[in-house]
Enquirer: 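Structure below; questions to follow.
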Amino acid sequence: MTNLKLISESKSFGGKLGFYSHPSSTCNGEMRFAVYQPPQANQNSVPVLYFLSGLTCTEENFMAKAGAQRYAAEYGLMLVAPDTSPRNTGIAGEDDEWDFGTGAGFYVDATEQPWHQHYQMYSYVVQELPALIAANFPTQTEKQGIFGHSMGGHGALVCALRNPQLYKSVSAFAPIAAPMRCPWGQKAFSRYLGSDGESWRLYDASELIKQVKYHSPILIDQGTADKFLAEQLLPEVFEQACAAVNQPLTLRYQEGYDHSYYFIASFIEDHIRYHALAFEEK
Ligand SMILES: N[C@@H](CCC(=O)N[C@@H](CS)C(=O)NCC(=O)O)C(=O)O
């Protein structure tokens, strides 16, 4: 495996869960990710589903907490979970805030100093990581999907809407659905992207959907007891934008669920099945 370092490997549901690091040319430093290879990957190449995690997460949270391996094994999908930002870049203050810098790359290509030298998570997720996965794991590269949680739900929507030809399906748990209008997004975008609102639109699903129609229905689950719902997540803004352009969207409000991985684990099967069905279509 060229340039890939295996950090640990565990058998899970008949398949293999591996944690890797590699030198990233896009982020100009070491990056980490996790891959779950279902048992089917021992014989054949399989579709691949990317999961982008939320604020404060590493490549491990999803693999440890979502309970996704059981369903990835059942449906024969590979799961790939990247870290949520570069780490240990040496940028002053990178670890000071939980919602900016380390653990909070927001899946954008930063243009502002000092972040832009390393914080290129959009290009990393859309280009470098899939190329690395294709070169090192048995995947059907024409069958890719993407999903995520919170900041990662935002990232998944943005990656799919900007590259519909690369992703057959997209779904999200409690995404930051209109980042230009919420404090988390405004803080991150102003410091990663500067004050130019035009560049912000490229990373806001509720803006992007007005310009591009996505070829498949989008699935979003949102807990009603999520403490970030009203101020930070704003799914109703995305819902209205989809309605305005006739974009099919299934937005499900799940009664009493919060923002945690307990919520994600409760609906992970639905999401994996949704992606698996999209991969079956011609
Ligand atoms: N640190 C924040 C919460 C951050 C948070 O909820 N992060 C979510 C993503 S936005 C998460 O997945 N955390 C890691 C985990 O639950 O494993 C707080 O104190 O309110």
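As the structure lists them, so they are numbered: ligands from 1, and atoms in each ligand from 1.
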Enquirer: Report the residues that fulfil side-chain hydrogen bond (donor to acceptor under 3.5 Å, both in side chains) with Ser85, sequence neighbours left out, ordered by chain and then residue number.
Expert: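 Counting only residues at least two positions away or on another chain, Ser85 forms no side-chain hydrogen bond (donor to acceptor under 3.5 Å, both in side chains).
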
Enquirer: Among Phe62, Phe173, Tyr261, find the one that has a ring-ring contact (aromatic ring centres under 6.0 Å, His included) with His149.
Expert: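 Between His149 and the candidates, ring-ring contact (aromatic ring centres under 6.0 Å, His included) is satisfied uniquely by Tyr261.
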
Enquirer: Is it true that Arg273 and Glu269 make a salt bridge, defined as a side-chain N closer than 4.0 Å to a carboxylate O?
Expert: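 Judged by the 4.0 Å cut-off on N to carboxylate O distance, Arg273 and Glu269 do form a salt bridge.
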
Enquirer: Could you tell me, for ligand 1, which of its N or O atoms are under 3.5 Å from any protein N or O, listing the pairs and their distances rounded to 0.1 Å?
Expert:
from, atom 1, to, atom 2, distance (Å)
ligand 1, 7 (N), Leu55, O, 3.1
ligand 1, 17 (O), Asn61, ND2, 2.8
ligand 1, 17 (O), Lys65, NZ, 2.7
ligand 1, 20 (O), Lys227, NZ, 3.3

Enquirer: Less than 4.0 Å between a side-chain N and a carboxylate O, is that true for Arg252 and Asp270?
Expert: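 Salt bridge flag = yes for Arg252 with Asp270.
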
Enquirer: Charged N to carboxylate O below 4.0 Å: is that the case for Lys187 and Glu97?
Expert: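 Salt bridge: yes.
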
Enquirer: Between Ser123 and Asp109, do the side chains contain a donor N or O and an acceptor N or O under 3.5 Å apart?
Expert: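 There is such a pair (donor and acceptor under 3.5 Å, judged by atom type) between the side chains of Asp109 and Ser123.
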
